[in-house]
Amino acid sequence: PAGSAGLAGSAGSAGSAGSAGVAGRGGAGVGGAGAGGMGMGSTILRIHYPSAATARITVRGSGAGLDWMRGQDTTRGADVFEWRADTAAAFDWKPLLEDTTWAVGANFHAAPGTTTDIWPFFHPGGGRVEEQRVPTPAFGGTRDVLVYLPPGYDENATHRYPVLVLQDGHNLFDAQRAAFGVEWQIDETLDAGIGTSEIAEVIVLGPIPGDRMKEYTPTVDRQYGGGDAARYLTMLTAELLPWARMRYRLDEAAEVGVGGSSLGGLFTTYACWNKSDVFRRCMAMSSSFWWDEKQLLGEIERSTAMPPIHLWLDSGDSGTSMDGLVDTQHMRDVLLARGYRQGVDLWSYTGIGQEHNEAAWAMRFPLAVRALYPGRAGAP
């Protein structure tokens, strides 16, 4: 994307976000490669995959007696295939169906004396988007929600996924539905990044707003009104997420993400700051921090709190308002002074020449999602 100036830190160092499909489902998505020492010991590879779907999974690799030309058989169990070896050295490896079809994505890595659990998929292809109507008593009716299910969701029913809630669902996937005829290309970006293991596998929920000026704003602005964000936040936490947990295979241990642009970025910051027990991965793009005389920015600046969140902040630098660049940089500086660390739990990015529009957010989304949800190919 144009304008790499202002990117704070590496996009592959999002703390506990971890690598897609690898053991220890803590944090946003998945965690590291199991427990154990670095010396000689039993190294265990556990491949979680429906045992009814295949009779045989093999592994190939670069050490521990493995090679890349011929697979070694795993021991087949109930939806798990296991391989063991004693080795004093780390090695790369990958599973295959019937020793002919490779798992999609980058190689896996195993350290000696550890147990590595993975949830692979083997058949290339994209994810899918479906539309659901969700009961939302908080707003006295229902809410249409677009749901992205990643590649492999239908293939590997043993896998559970982190979830990211993005505002303005109508703008995310389909240009014909987008407010200005430009979509964020969320599904295309995630399909490509998951396929190369640069982005972790994640489910996206895209609620379509009712009155976004009310729902995304935490206080009443003297000119524009609004101020219904608390009720909208309740809808997300008490209605949408419980519904999604019942319908989809969400990873209960994974950190939940929230994101949006403009007023959606304002809401994202508000939600993470005030409800960090639910939302820990925060994607605030071109946030309208000007709202209500910069009330939210001032509230955060005056507080002493430091919620345990990972926050992506960005803006462009062009157009009549410079896309709120000054306020975004002010928020970044407040958070850095509070103790958040560049490239670890805070990212700040300026899109050079970019204005306040959907095309700019589509360009920056790949950077933001790689920072907050790095796959195993992008993890440190």
Side-chain angles (χ1 to χ4, degrees), residues 126-151 153-154 161-191 201-218 224-250 256-268 270-272 275 278-279 281-288 357-359 361-362 365 368-369 373:
R128 59 185 174 91
V129 177
E130 59 184 36
E131 185 166 0
Q132 300 287 351
R133 182 156 292 176
V134 181
T136 54
F139 282 88
T142 60
R143 179 67 55 118
D144 289 336
V145 180
L146 295 173
V147 181
Y148 168 83
L149 300 174
Y153 183 88
D154 296 316
Y161 302 82
V163 63
L164 169 63
V165 182
L166 292 178
Q167 314 320 307
D168 291 309
H170 58 294
N171 292 333
L172 303 179
F173 306 107
D174 185 353
Q176 293 185 347
R177 299 185 68 165
F180 302 101
V182 178
E183 57 158 307
W184 284 35
Q185 299 180 327
I186 299 297
D187 46 342
E188 292 90 346
T189 294
L190 292 178
D191 284 353
E201 297 165 77
V202 62
I203 291 173
V204 174
L205 304 179
I208 296 176
D211 185 336
R212 66 189 304 278
M213 189 170 288
K214 287 184 178 180
E215 293 174 356
Y216 296 170
T217 54
Y224 297 104
D228 213 8
R231 186 157 65 120
Y232 181 71
L233 181 59
T234 296
M235 187 272 284
L236 295 185
T237 58
E239 296 171 358
L240 178 62
L241 287 173
W243 170 87
R245 291 187 178 102
M246 291 290 292
R247 186 172 186 90
Y248 300 108
R249 299 193 309 274
L250 302 191
V256 177
V258 62
S261 64
S262 191
L263 290 176
L266 178 75
F267 173 78
T268 292
Y270 163 80
C272 282
K275 200 64 178 173
V278 175
F279 295 115
R281 303 272 157 177
C282 317
M283 187 184 298
M285 308 177 79
S286 298
S287 303
S288 299
N357 56 42
E358 308 296 333
W361 302 323
F365 176 75
V369 75
Y373 292 92

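Numbers for residues simply follow the sequence, beginning at 1.
Between P218 and L266 the shortest side-chain heavy-atom distance falls below 4.5 Å. Considering only heavy atoms from C-beta on, V258 comes within 4.5 Å of C272 through its side chain. Between L205 and L241 there is a side-chain heavy-atom pair separated by less than 4.5 Å. The closest side-chain heavy-atom distance from H170 to P209 is below 4.5 Å. Side-chain atoms of K275 and L236, non-hydrogen and from C-beta on, never get closer than 4.5 Å to each other.
The CD1 atom of I208 lies 9.0 Å from the CG atom of L172; values are rounded to the nearest 0.5 Å. Atom CG of L146 is separated from atom CG of N171 by 10.0 Å, given to the nearest 0.5 angstrom. For the atom pair CG (L250) and CZ (R245), the distance works out to 6.5 Å, reported to the nearest 0.5 Å.
Here the closest heavy-atom approach between residue A362 and residue E183 is recorded as CB-O, 3.6 Å. V163 and Y373 get closest at one heavy-atom pair: O-OH, 3.7 Å. Considering every non-hydrogen atom in both R249 and Y153, the closest pair reads NH2-O, 2.7 Å. For the pair M213 and L263, the tightest heavy-atom approach, listed with the atom from each and the gap, is CA-CD1, 4.0 Å. Annotation for A138 and M235: closest pair CB-CB, 4.1 Å, computed over non-hydrogen atoms. Of all heavy-atom pairs between L166 and P207, the closest is O-CD, 3.2 Å.
In this structure, T268 contributes its side chain and C282 its backbone to no donor-acceptor pair below 3.5 Å. A donor-acceptor distance shorter than 3.5 angstrom exists from the side chain of T217 to the backbone of G227, with no hydrogens or angles considered. In this structure, D187 contributes its side chain and G127 its backbone to no donor-acceptor pair below 3.5 Å. Formation of a donor-acceptor pair under 3.5 Å by the T136 side chain with backbone atoms of G141 is found in this model. The closest donor-acceptor contact from the side chain of R231 to the backbone of E215 lies at 3.5 Å or more, if one exists at all.
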Item to complete: Decide side-chain contact (heavy atoms from CB on, under 4.5 Å) for Y248 and Q132; before the verdict, give the C-alpha distance in whole Å, the side-chain angles of both, and the deciding distance to 0.1 Å.
Response: CA-CA 12 Å; Y248 300 108; Q132 300 287 351; 3.4 Å; yes

Practice prompt. Apply side-chain contact (heavy atoms from CB on, under 4.5 Å) to Y216 and D168, showing your working.
Written response: CA-CA 10 Å; Y216 296 170; D168 291 309; 3.7 Å; yes

Item to complete: Walk me through it: do D191 and Y148 pass the test side chain to side chain donor-acceptor pair (under 3.5 Å)?
Response: CA-CA 10 Å; D191 284 353; Y148 168 83; 2.6 Å; yes

Item to complete: Please lay out, stage by stage, how L233 and F279 fare under the test side-chain contact (heavy atoms from CB on, under 4.5 Å).
Response: CA-CA 10 Å; L233 181 59; F279 295 115; 3.6 Å; yes

Worksheet item: Can you list the steps and then say if L164 with R281 is a side-chain contact (heavy atoms from CB on, under 4.5 Å)?
Response: CA-CA 8 Å; L164 169 63; R281 303 272 157 177; 5.8 Å; no

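Using cut-offs of 30° and 60° for the angle between ring planes, the W184 and W361 rings count as tilted. Aromatic ring pairs are classed by plane angle as parallel below 30°, tilted from 30° to 60° and perpendicular above 60°; the pair Y232 and F267 is perpendicular.
A side chain to side chain contact (heavy atoms under 4.5 Å, CB included) with E131 is found for exactly one of V147, D144, V145, D174, namely D144.
More than 12 heavy atoms of other residues, nucleotides or ligands shown are found within 6.0 angstrom of CD on E130.
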